[in-house]
Amino acid sequence: MNERRKPYPFDQIEPKWQAAWDKDRSFHAPNPSEENFDPAKPKYYVLDMFPYPSGAGLHVGHPEGYTATDIVARYKRLRGFNVLHPMGWDAFGLPAEQYAIKTGQHPVITTRDNVAKFKSQLKRIGFSYDWEREVNTTDPAYYKWTQWIFLQIYDSWFNPETKTAEPISNYQGADPDGVRLAYVAEVPVNWCQELGTVLANEEVVDGKSEVGGFPVVRRPMRQWMLRITAFADRLVEELESLDWPESIKALQKNWIGRSEGAEISFPVVGVDDNITVFTTRPDTIYGATYMVLAPENPLVDQITTEEQRKSIESYRAGIATKSDLERTDLAKEKTGAFTGASATNPANGEPIPIWIADYVLMGYGTGAIMGVPAHDERDLEFARQFGLAVLPVVQAPGKTPEESIGYTDVGVAINSPLLNGLSRAEATTRIIDWLEQNGHGRRDIRYKLRDWLFSRQRYWGEPFPVIWRNGKHEALPESELPLEPPALEDFKPTGTGEPPLAKAKDWIRYSDGASRETNTMPQWAGSCWYYLRFCDPRNDQRFVGEEPERYWMGGGKPGGVDLYIGGVEHAVLHLLYARFWHKVLFDLGYLSTPEPFQRLVNQGMILGEDGRKMSKRWGNVIDPIDVIEIYGADAFRCYEMFMGPLEQMKPWSMKGVEGVSRFLARVWRLIMEENQAGEWVLSGEVQEVEPRKSELKVLHATIKKVSGDIETLSLNTAISQMMILVNALTNAPAKSVSALRSLLVLLNPFAPHLTSELWQTLAEKFPGVGASITEQRWPEHDERLLIEDEIEIVLQVNGKLRDKITVALDATDAALEAAALANKKVQNAVGGQTIRKVVVVPKKLVNVVTG
RNA sequence: GCCGAUGUGGCGAAAUGGCAGACGCAACGGACUUAAAAUCCGUUGGGCUUAAACGGCCCGUGCCGGUUCGAGUCCGGCCAUCGGCACCA
């Protein structure tokens with residue numbers, strides 16, 4: 001392979017400037033108490049979702065979001081902001097541990113190597129991170145505070161009166177352990193045998209583990225849970241004020257799944273017990289013709305009659321062997337079994353049979369429903385399957401309205417004695433009031449969201465700062481943090497559900513009979529608060545100092561992280577968990593804003609050149625470092641932004657990279673030329689002259705467009721506009737130093753190395769240019785220069801373009817109309833038709849309407 | 001089924017209700033060169049008309065309809081693709 005001639009010497013200038021930025025601490029953001037802190041500067045916090053440093057290194061998806069934030073960070077600095085733009089490592093997790101199991105190499109070592117690799121790769125792209133703020137979730141100095149935050153959660157409860165988290169010491173009830181925000185419960189959990197651990201609902205996709213795609217089964221286990229459900233309402237409501245994509249808001253709302261309705265009690269005939277159901281349609285109670293319990297519902301044992309016991313037991317046994325996937329298969333027929341018992345419909349006193357069926361889930365509502373075939377498709381299907389009573393709905397064929405149930409075509413209820421004549425909304429209110437007054441039920445809200453299963457049976461995670469004494473848990477004293485995991489030879493999961501840490505007998509022993517918790521926290525723990533640590537990463541007294549927190553998170557309106565960019569895959573995982581922790585810490589008085597991330601943007605996935613998802617399987621994976629070798633980091637950055645809208649999914653194109661690389665080379669040759677010896681020197685065409693009028697116009701149009709486009713993250717069109725400018729300047733006989741100065745500052749956030757080098761070269765010959773490009777001010781556009789004295793007017797007949805004419809800027813409407821009517825092409829198009837109307841849009845067009 | 005996003009040239013894509021296709025890729029033609037690469041200049045949505053050029057005309061933003069002097073853009077109804085949720089009562 002012969003050496004490809006480089007379009008400009010990026011291989012020399014890129015390492016040079018990266019080293020210079022490091023040496024000069026160019027991108028260090030001082031905190032309020034530090035020297036060089038300028039209180040006059042507004043703050044801007046721009047954050048990337050920090051990566052898991054895998055052994056494979058960066059792929060092209062990482063730098064997409066990172067480049068966008070880097071452009072914004074550099075732009076805001078030039079605009080005079082104090083910019084917080086940090087990077088760190090989310091380094092606990094399965095791959096490092098699995099690698100350890102395979103090779104025996106400790107995850108600390110693998111993590112260190114992988115971080116070093118990631119960091120050197122990120123540096124090669126020229127990101128302007130403040131590396132002095134680097135954090136690593138696996139660093140004891142970091143997870144000390146993860147453990148500390150867990151203890152704050154453990155020591156809190158949710159006060160339903162104030163709807164906030166409060167210290168457990170405020171709790172007046174008898175059983176504080178029953179209300180803690182972190183608690184232990186024996187619950188059916190998602191157990192993954194292959195991974196040897198339990199998983200959160202959010203980590204299970206289609207009955208398989210999100211990591212690895214291994215089967216997941218339901219199994220009751222004692223686990224640590226976080227009471228995220230207490231915050232369900234606030235997590236939904238407070239989404240409203242956030243500048244997030246609607247799709248992400250919808251995903252979170254959907255996941256939380258709030259539904260309003262009522263709880264209704266049905267007395268069981270002949271047994272001193274009630275079956276409580278949750279329904280969103282209490283107004284349909286008159287149509288309830290049977291009840292269904294989930295097969296796992298403990299009430300089943302109490303109410304089943306002797307004759308039916310056998311058939312109930314065999315049905316339950318059949319269900320138990322089924323996976324969640326089989327159970328929830330929508331295509332299958334309804335199954336169920338009769339308990340022999342019946343219940344009384346509280347609304348009309350009618351006895352109705354009680355069944356069990358697997359279409360009713362123990363995990364939602366009360367694990368029991370009232371069957372209303374007239375209103376619910378699933379109930380109807382079940383009733384038909386088993387020949388249960390189905391009340392005809394309004395105007396069913398062959399039925400008179402008198403025999404029917406439901407709402408008439410004018411929307412009022414019939415054959416529902418308490419509700420007749422009411423609208424659906426009125427009927428719902430009326431029936432709930434009636435149920436409440438008569439002790440049959442109450443208004444209720446239910447959520448799909450479950451409490452967060454927070455413990456894992458893995459080695460490579462934060463140990464819980466908890467000890468057990470006489471079967472009861474208690475907090476480890478704060479002075480003993482960080483609690484480091486024991487040194488282990490064998491990291492393997494035990495396979496039984498007992499955590500690997502249980503093998504470290506010495507470590508477990510705490511003191512006089514007390515022992516340590518052996519579960520570890522899930523990977524999400526460290527990422528729940530890293531954005532806070534970035535504000536004050538070296539503080540060893542507090543998880544974040546009050547002043548830095550107030551400045552970076554509280555300052556400005558409305559506060560929080562000003563811009564957060566990352567992948568959509570975290571919509572219901574990281575982004576929900578972090579909001580939850582943030583709210584707890586906010587309630588406890590540690591934070592100044594109720595929400596962590598004010599503006600969120602998701603970058604779209606980059607596909608392979610073949611339009612498929614990049615994967616080893618298709619052989620279409622692009623390695624960013626390979627691209628940088630050939631085209632340089634600036635071309636790589638610009639191409640990733642030029643591909644298309646940031647949020648959109650789009651395929652990679654090497655030809656596209658080449659096009660952008662050509663553009664950067666044109667910028668280079670605008671200022672540089674090769675001398676006889678083949679060295680690049682300042683071009684003789686660069687002169688201290690005023691730009692021509694046409695150049696000034698396109699320059700100022702570019703300043704305006706690029707500034708606006710960076711604010712809205714329309715980075716592809718910002719680059720287009722700079723291409724237009726460069727094309728215009730290339731055609732100019734003399735290259736004006738002042739125009740080049742502006743161009744370089746505009747392009748600097750996108751191509752920082754190239755512009756830094758060119759700036760330096762310019763400044764050597766023309767001292768007025770100014771020392772360092774990173775210390776320049778962003779140019780302002782002059783609206784007056786954009787105004788033309790002659791403008792083009794579009795002439796239309798009936799909305800169709802017929803001609804264009806050039807007129808003076810100050811031409812009156814009447815003059816425009818006259819010019820249009822005098823135009824030959826307009827006259828041709830009008831023909832003999834009468835002119836009904838002439839629409840004149842000043843400075844734009846004239847539309848002649850005939851009729 | 002429900003929720004959300006997206007449909008524009010050969011391709012990636014642009015267009016505050018006002019010239020559809022900016023910018024880039026690819027393709028084609030030209031300049032430079034012994035030649036190639038690189039670079040520079042030009043053409044490029046489809047069709048019809050014309051011997052050719054100039055010009056002229058028609059069609060065109062997933063489909064059907066509506067609002068408007070004017071719709072890629074707004075409204076209503078469909079279709080397709082992608083993503084999420086899903087016997088959630």
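Everything quoted here is computed from the prediction, not taken from an experiment. Throughout, protein chains are lettered first and strands after them, A, B, ... in sequence-line order, and every chain is numbered starting at 1.
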Should [X] be listed as having a side-chain N or O under 4.0 Å from OP1 or OP2 of [N]?
| X | N | result |
| --- | --- | --- |
| A:Lys825 | B:G56 | yes |
| A:Gln648 | B:A13 | yes |
| A:Asn716 | B:A14 | yes |
| A:Arg669 | B:C40 | yes |
| A:Ser259 | B:A89 | yes |
| A:Arg662 | B:A26 | yes |

Mind checking who [N] pairs with, Watson-Crick or G-U wobble, both distances under 3.5 Å?
| N | value |
| --- | --- |
| B:A27 | B:U43 |
| B:C2 | B:G84 |
| B:U16 | none |
| B:U8 | none |

Categorize [X] for me: base, sugar-phosphate, or nothing, with a 4.0 angstrom heavy-atom threshold over every strand shown.
| X | value |
| --- | --- |
| A:Leu845 | base |
| A:Asn727 | sugar-phosphate |
| A:Asn731 | sugar-phosphate |
| A:Arg450 | nothing |
| A:Pro245 | nothing |
| A:Lys613 | nothing |
| A:Val572 | nothing |
| A:Gly659 | sugar-phosphate |
| A:Arg446 | nothing |

Could you tell me whether the side chain of [X] has a donor or acceptor atom within less than 3.5 Å of a complementary atom in the base of [N]?
| X | N | answer |
| --- | --- | --- |
| A:Lys837 | B:C69 | no |
| A:Asn847 | B:C69 | yes |
| A:Lys334 | B:C87 | yes |
| A:Glu792 | B:C19 | yes |

By nearest-nucleotide position on RNA chain B, the 5'-leaning member of A:Lys844 and A:Ser720 is A:Lys844

Between A:Tyr447 and A:Lys650, who's closer to the 5' end of RNA chain B by nearest nucleotide?
A:Lys650

